[in-house]
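Take a look at the structure below.
To find a chain, count down the sequence lines: A is the first, B the second, and so on, and within it residues start at 1.
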Protein chains: 2
Amino acid sequence: MEWSEHARRELNRAGHRTGGARDAVVELLAGQDCCLSAQDIHDRLRGGERAVGLASVYRALEVLTQLGLTRRVDVGGTAAYEPASPGGEHHHHAICDRCGKLDAFEDEQLEALIDGVAERLGYAIGEHEIVLRGACPDCAGERSIHVER
Amino acid sequence: MEWSEHARRELNRAGHRTGGARDAVVELLAGQDCCLSAQDIHDRLRGGERAVGLASVYRALEVLTQLGLTRRVDVGGTAAYEPASPGGEHHHHAICDRCGKLDAFEDEQLEALIDGVAERLGYAIGEHEIVLRGACPDCAGERSIHVER
DNA sequence: GTCAGTGCAAAGCTTTTGCAGCGCG
DNA sequence: CGCGCTGCAAAAGCTTTGCACTGAC
C-alpha cells in the first residue's frame, strides 16, 4: 500500500482536508490496479464499512485526477479511474467486444512512438490513451470452433 | 463523393431500405473528413434542406457503425462519428485541453506496433483508438509567453 | 399492403450541482 | 468555530426506447 500514502500526502499538500469519504475512495483505489467506474466504487464501498455517496465518489475522483493521482480512462461511454503510478509508467487497455473482459498492456516502444508523434504535431502532450477493441483469446477461439452466428 | 456511394451500396446490400433521414446523414458525413457528434449532425441538418430528428441520427449512426461504414470515436465523454475509409486507413486524434481544438494524425509505425501488441496479447483486434491530450502548438506557445496563471 | 424507417416525447444513464448539516484543523 | 467535506435529491447532459405514422418496395 504505497500509493495511498502518496495520494494522502499530495492531497494534504494541495490544501485538502482529510475526510472520511475521499479517504475511503483512496483506500479502495489503492487496492485496485486496474480501472473502476464511479458506480463500481460506490457499490463496493456500500458493501464495506464506510459507505460513500455517489456524488462524493465523483468529487473525490475529480480532485484526485486533477492532482494527477488517478488516471481517467474512457472505455466505451463510461469513465473509469485507476491509480496513477507516481513513477509515470502506465498501461493501456484492450477490451473484448464479446465478453467484456478488459486486459491491460504496456509497451515501451509504443510510448516512445507516441512521444514522437506529439512532437511532430507540436503538441505538449500531457496524457494519452490507447484502447484496443476486439475478440480476446478465449472468445476468438470460440468463434472458430462454434461456427454458428 | 465516393464514400457515400459505397455506404449506400452497403446499406442496400445489408437489406436496409432507402430512407430520407439516414440518407441525409450519409450525405452530410460524406462531406466531412473528421468526427462529428450526433448533436452536431442534427444541428447541421436542421439548417439544411432535410431536417432529421435526433433519434434518427442516432439510429442511422448505429447502423452505419455496425456495418463498419463509420467509426465511433470517444473523445471525452461524448461520442463522435466519422466516415471510415473503405481502404482501412484511418487516423487518430489529438485534443487541446486548453482551446478544445482537435487535430488528426496518422502514423504507419504506430499502426504496425499496435498490431504487434494485439498479437502478443492474443487478441483479434477489430478496432483501436488513440487519443492524445495536451496543449496544442498555439496554446503551448501562449503559456510560455504569458506567465500568469 | 407490409414492414422498415422516422419523428416526437418519454425514459434511462452517467455525471454535475444546490443546499443543509457535519466535522477537520 | 470557520470552511471544506459529505449526503441527498434535483438537475443536466447524452443516448435509447416506445409508439404512432409515413413511405419505400
For the pair made of [atom1] in [X] and [atom2] in [N], what is the distance, rounded to whole Å?
X	N	atom1	atom2	answer
A:Glu62	D:dG4	CD	C1'	14 Å
B:Leu11	C:dT6	CG	P	10 Å
A:Leu54	C:dT15	CG	P	9 Å
B:Arg72	D:dT16	CZ	C1'	12 Å
A:Asp74	C:dT15	CG	P	9 Å
A:Asp23	C:dG25	CG	P	10 Å
B:Leu61	D:dT17	CG	P	15 Å
B:Ile41	D:dC14	CD1	P	14 Å

Could you tell me whether the phosphate oxygens of [N], OP1 or OP2, come under 4.0 Å of any side-chain nitrogen or oxygen in [X]?
X	N	answer
B:Ser37	D:dC14	no
A:His16	D:dC5	yes
B:Arg50	C:dG7	yes
B:Tyr58	D:dT15	yes
A:Thr18	C:dC24	no

- Are B:Tyr58 and B:Val26 connected, step by step, through hydrophobic side chains (Ile, Leu, Val, Met, Phe, Trp, Tyr) whose heavy atoms are closer than 4.5 Å?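 Each belongs to a different hydrophobic cluster.
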
- Query: Any sub-3.5 Å donor-acceptor pair from A:His90's side-chain atoms to A:Gly88's backbone N or O?
  - Reply: yes

- Query: Side chain of B:Asp40, backbone of B:Ser37: donor and acceptor closer than 3.5 Å?
  - Reply: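 Checking the backbone N and O of B:Ser37 against the side chain of B:Asp40, a donor-acceptor pair under 3.5 Å is found.
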
- The side chain of A:Thr78 lies closest to which of these nucleotides: C:dT14, C:dC3, D:dT15?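 My answer, after comparing the listed nucleotides, is C:dT14.
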
- Query: Among C:dG5, D:dG7, C:dC24, which nucleotide sits nearest the side chain of B:Arg22?
  - Reply: C:dG5

- Side chains of A:Glu111 and A:His92: does their closest heavy-atom pair fall under 4.5 Å?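 Yes; the side chains approach each other to less than 4.5 Å.
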
Base, sugar-phosphate, or nothing for [X], non-hydrogen atoms under 4.0 angstrom?
X	answer
B:Ala60	nothing
B:Ala51	sugar-phosphate
A:Ala55	base

- Note on the structure: Assign each of B:Gly20 and A:Gly19 the nucleotide of DNA chain C bearing its closest heavy atom; nearer the 5' end lies the nucleotide of B:Gly20

- Of B:Asn12 and B:Gly77, whose closest DNA chain D nucleotide lies nearer the 5' terminus?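 Of the two residues, B:Gly77 wins.
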
- Message: I'd like to know if A:Arg59 reaches the base of D:dG4 with its side chain such that a donor and an acceptor end up less than 3.5 angstrom apart.
- Response: no

- List the atom of A:His91, the atom of A:Arg71, and the distance in Å for their closest heavy-atom pair. O-NH2, 2.7 Å

- State whether the number of non-hydrogen atoms from other residues, nucleotides or ligands found under 6.0 Å of B:Arg120 atom CZ is greater than 12.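 It does: B:Arg120 CZ has more than 12 such atoms within range.
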
